Amino acid sequence: MSEKIQSLRGMPDILPADAPLWQHLEDTAAAVLRRYGYARISTPILESTALFTRSIGAATDIVEKEMYTFADRHEESISMRPEGTASVVRAMLQHGLLQTPGQKVWYQGPMFRYERPQRGRMRQFHQIGAEVFGLAGPDIDAELIAMSARLWSELGILGQLRLELNSLGSPAERRQYRSQLHDWLAQHRDSLDEDSQRRLDTNPMRILDSKNPAMQALIEAAPKLSAALGDDSRRHFEQLTGMLDAMGIAWQHNQRLVRGLDYYTHTVFEWVTDDLGAQGTVCAGGRYDGLVALHGGPEVPGVGFAMGEERLVELLGQQQRDFGQRPDIYLIIADPQLQAEALALNERLRDALPGRIVLSNLAGGSLRAQFKRADRSQAQIALVLGSQEWAAGEITVKWLRSERAQTSVSLAQLADWLQQNMPNN
RNA sequence: GUGGGCGUAGCUCAGUGGUAGAGCACCGCGUUGUGGCCGCGGCGGUCGUGGGUUCAAUCCCCAUCGUCCACCCCA
């Protein structure tokens, strides 16, 4: 007796029942991205481990303990991508696509992080992301954020989200603030909780967004990041917020928003909801001006974001909308002798009505059983083909979702008749 | 990696130290050419797995795996 094999922990199947939600999200996102001039890029799931350690930061949790890393058959260390930006930068650079400024690309696909699963956090999860290269000004930051806001609005979830915004300044300013913060926190080491003491030397800025209530007073008293910004950084941020205001996009300045990845500079932002439990960030991004150079490329600035599809799908699922597409026609075969004729008839209908969903009853069954299946399929119309109809060159049309009277239509005119009589939905 | 909750039918869950039930779903019949509502019948479980206590364990104990939620981290 063999044991049943199950899917790996944290790697869920996405079942047909949820497919319409995913399809709606991905279709909507693709359409919005297209309207802003983004082209799709697809990169491999496996990359050199060094790509991620270099860009995400060797001291981050993602690289330290969450990557799926292993040696391939030639003992090269390879990793499954934990996020999308590093791969996109690599691909753009590798193919010389950064020569012209203003490249806009987007991607969609699975990412992998070895974490303990919980609501909104899986080991295999999916992101849709957008990246823009070669534009340094706040205008593209603003357009990028506006594009995300438009997507939320088209998905009907804008009201559940709030935009949090911050500036990390230039790499130099960020570095300087980091050490200033570290020194200040080190003086208060005794007031830090266990987690924060551990973070003090590895990633002191992360202490700022600690959830521990006992830490809040200390965090309030700590030196502010905004005070460490130079004139250029401050102007970038002010121009960005001015543009957001002009576009009517509400935002909040969250000085504790520091983001997890090492490569961010200047603008960082998150779209957050209270409707998903502890993992409320639905989309996050920012500017990464040093990243391309870090990978041996020219000094090309970049900015982008990534959204978590699982989290957005859950949000969409909370609204009781129906994204599924229902069949239009279900063909009932009243006489088993007519199976071949029935299949041929439906092929002709599919030729004539390309926009319609046309089902054939398969595997026989009593008329009663076939009607039951037709009803359950949610089809608008049941067609009944039996020996009586066949002899007369007709077919029976029965409306399943309305009280319209059952009728007979000649087979020769069936496609035209359906065209004229079936409502478009 | 840490803490807590939960594992009984496809799903949601009851239940008892003497090897199990409901609702929904599914199949059939009531109508030998008509679905939905209703009625009747049926299919379906090694009670997560392994060990221990006991005459006897789905129930008690231990371990293990899975799952959910939170911490951490992050989309």
Side-chain angles (χ1 to χ4, degrees), chain A residues 1 3-4 6-10 12 15 17 56 59-67 81-85 108-129 148 193-196 198-199 202-203 206-207 209-212 257-261 269-273 276-286 304-315 330 332-336 338 361 363 365-390 396-403 406:
Chain A
M1 270 314 200
E3 229 169 279
K4 259 188 211 161
Q6 296 199 0
S7 62
L8 263 26
R9 167 168 230 203
L15 299 176
I56 297 169
T60 58
D61 277 15
I62 292 181
V63 165
E64 266 186 354
K65 45 192 201 197
E66 294 175 3
M67 279 213 298
R81 61 183 186 195
E83 59 107 38
T85 301
Q108 185 281 137
M111 308 292 164
F112 304 84
R113 291 181 199 172
Y114 191 92
E115 302 180 272
R116 191 95 164 242
Q118 70 181 75
R119 186 178 182 189
R121 191 182 72 180
M122 291 292 127
R123 289 182 172 181
Q124 173 170 334
F125 60 104
H126 297 79
Q127 290 187 333
I128 298 172
S148 60
D193 63 18
E194 201 182 328
D195 280 328
S196 298
R198 178 175 51 76
R199 280 182 290 209
T202 56
N203 202 347
R206 281 235 71 109
I207 296 175
D209 59 9
S210 167
K211 287 179 187 170
N212 187 346
L257 180 63
V258 294
R259 310 282 313 117
L261 284 49
F269 66 92
E270 279 188 12
W271 288 96
V272 186
T273 180
L276 290 179
Q279 310 296 328
T281 301
V282 126
C283 172
F305 65 67
M307 55 188 112
E309 292 193 74
E310 278 78 2
R311 296 177 185 179
L312 288 165
V313 163
E314 187 179 343
L315 227 41
Y330 190 103
I332 287 171
I333 304 158
D335 178 351
L338 293 172
N361 185 79
S366 67
L367 205 67
R368 172 193 171 97
Q370 294 194 49
F371 263 101
K372 254 179 135 115
R373 286 177 217 151
D375 182 51
R376 246 189 333 233
S377 80
Q378 311 244 57
Q380 280 190 64
I381 279 183
L383 298 179
V384 184
L385 183 63
S387 40
Q388 293 163 25
E389 287 88 349
W390 188 250
T396 299
V397 178
K398 171 154 183 173
W399 297 89
L400 296 175
R401 314 283 138 209
S402 77
E403 297 307 312
Q406 179 170 315

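From a predicted model like this one, the values you see are computed outputs, not experimental measurements. Below, chain A is the first sequence line, B the second, and so on; all start at residue 1.
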J.: For the C1' atoms, the ones on B:C11 and on B:C26, what distance do you get once it is rounded to whole angstrom?
T.: 12 Å
J.: Determine the minimum heavy-atom distance between A:Arg123 and A:Pro117, stating which atoms define it.
T.: NE-CD, 4.3 Å
J.: Want to settle it: does A:Ser210 or A:Glu270 sit nearer the 5' end of RNA chain B, counting the closest nucleotide to each?
T.: A:Ser210
J.: If I pick the P atom on B:C61 and the same atom on B:G66, what distance separates them, to the nearest angstrom?
T.: 22 Å
J.: Whether the side chain of A:Arg9 engages the backbone of A:Arg116 through a donor-acceptor N/O pair (distance < 3.5 Å, no angle test) should be reported.
T.: no
J.: Taking atom C1' in both B:G52 and B:C71, compute the distance separating them and give it to the nearest angstrom.
T.: 34 Å
J.: Specify the separation, in whole Å, of atom CZ of A:Arg81 and atom C1' of B:A75.
T.: 13 Å
J.: Quick one, give me the B/S/- string for nucleotides 64-71 of chain B, reading 5' to 3', where B means a protein heavy atom under 4.0 Å from the base and S means that only happens at the primed atoms, P, OP1 or OP2.
T.: ---B-SBB
J.: Using a strict cut-off of less than 4.0 Å between a Lys/Arg side-chain nitrogen and an Asp/Glu carboxylate oxygen, indicate whether A:Glu115 and A:Arg121 qualify as a salt bridge.
T.: yes
J.: Treat primed atoms plus P, OP1 and OP2 as sugar-phosphate and everything else as base, then score nucleotides 31-49 of chain B 5' to 3': B for base contact with protein heavy atoms under 4.0 Å, S for sugar-phosphate contact only, - for none.
T.: --BBBB-------------
J.: Please classify the nucleic acid contact of A:Ala284 as base, sugar-phosphate, or nothing, using heavy-atom distances under 4.0 Å.
T.: sugar-phosphate
J.: Counting any heavy atom closer than 4.0 Å, what does A:Ala382 reach on the DNA or RNA strands: base, sugar-phosphate only, or nothing?
T.: nothing
J.: Any heavy-atom pair between the side chains of A:Tyr330 and A:Arg373 that's under 4.5 Å?
T.: yes
J.: Can you tell me, in whole Å, how much space there is between the C1' of B:G17 and that of B:C60?
T.: 8 Å
J.: What's the gap between B:A9 and B:G45 when it is taken at their C1' atoms, as a whole Å value?
T.: 5 Å
J.: Rounded to whole angstroms, how far apart are CZ on A:Phe125 and P on B:C74?
T.: 11 Å
J.: Might you point out which heavy atoms bring A:Lys398 and A:Phe371 nearest each other, and give the distance in Å?
T.: CD-CE2, 3.9 Å
J.: What stems involve RNA chain B, if each pair must be Watson-Crick or G-U and both of its distances must be under 3.5 Å, with 3 or more such pairs in a row?
T.: B:1-7 with B:65-71, B:10-13 with B:21-24, B:26-30 with B:38-42, B:48-52 with B:60-64
J.: So, A:His126 versus A:Gln108: side-chain donor-acceptor pair below 3.5 Å or not?
T.: no
J.: Write down the atom of A:Arg311, the atom of A:Thr281, and the distance for their closest heavy-atom approach.
T.: NH1-O, 2.7 Å
J.: Quick one: do A:Asp375 and A:Arg401 make a salt bridge, cutoff under 4.0 Å?
T.: yes
J.: If you check every side-chain atom of A:Glu66, which of B:G28, B:C74, B:C73 has the closest atom?
T.: B:C73
J.: Taking B:G28 as the reference, what is the distance to B:U54 when you measure between their C1' atoms (whole Å, please)?
T.: 45 Å
J.: Could you tell me the separation between the CZ atom of A:Arg198 and the C1' atom of B:U2, rounded to a whole number of Å?
T.: 11 Å
J.: Strictly distance-based, threshold 3.5 Å: is any side-chain N or O of A:Gln370 a donor or acceptor partner for the main-chain N or O of A:Ile332?
T.: no
J.: Where is the tightest heavy-atom contact between A:Gly386 and A:Ala334, given as atom of each residue plus distance?
T.: CA-CB, 3.8 Å
J.: Which whole number of Å gives the distance between the P atom of B:U31 and that of B:C24?
T.: 23 Å
J.: Suppose you measure atom P in B:C72 against the same atom in B:G44; what distance do you get, rounded to whole Å?
T.: 49 Å
J.: Using whole Å, report how far CD of A:Glu115 lies from P of B:U2.
T.: 16 Å
J.: To check you understand the geometry: which heavy-atom pair defines the closest contact between A:Phe269 and A:Gly286, and what is its length?
T.: CE2-N, 3.9 Å
J.: Of all the heavy-atom pairs spanning A:Arg199 and A:Ser210, show the shortest one and how long it is.
T.: NH2-CB, 4.1 Å
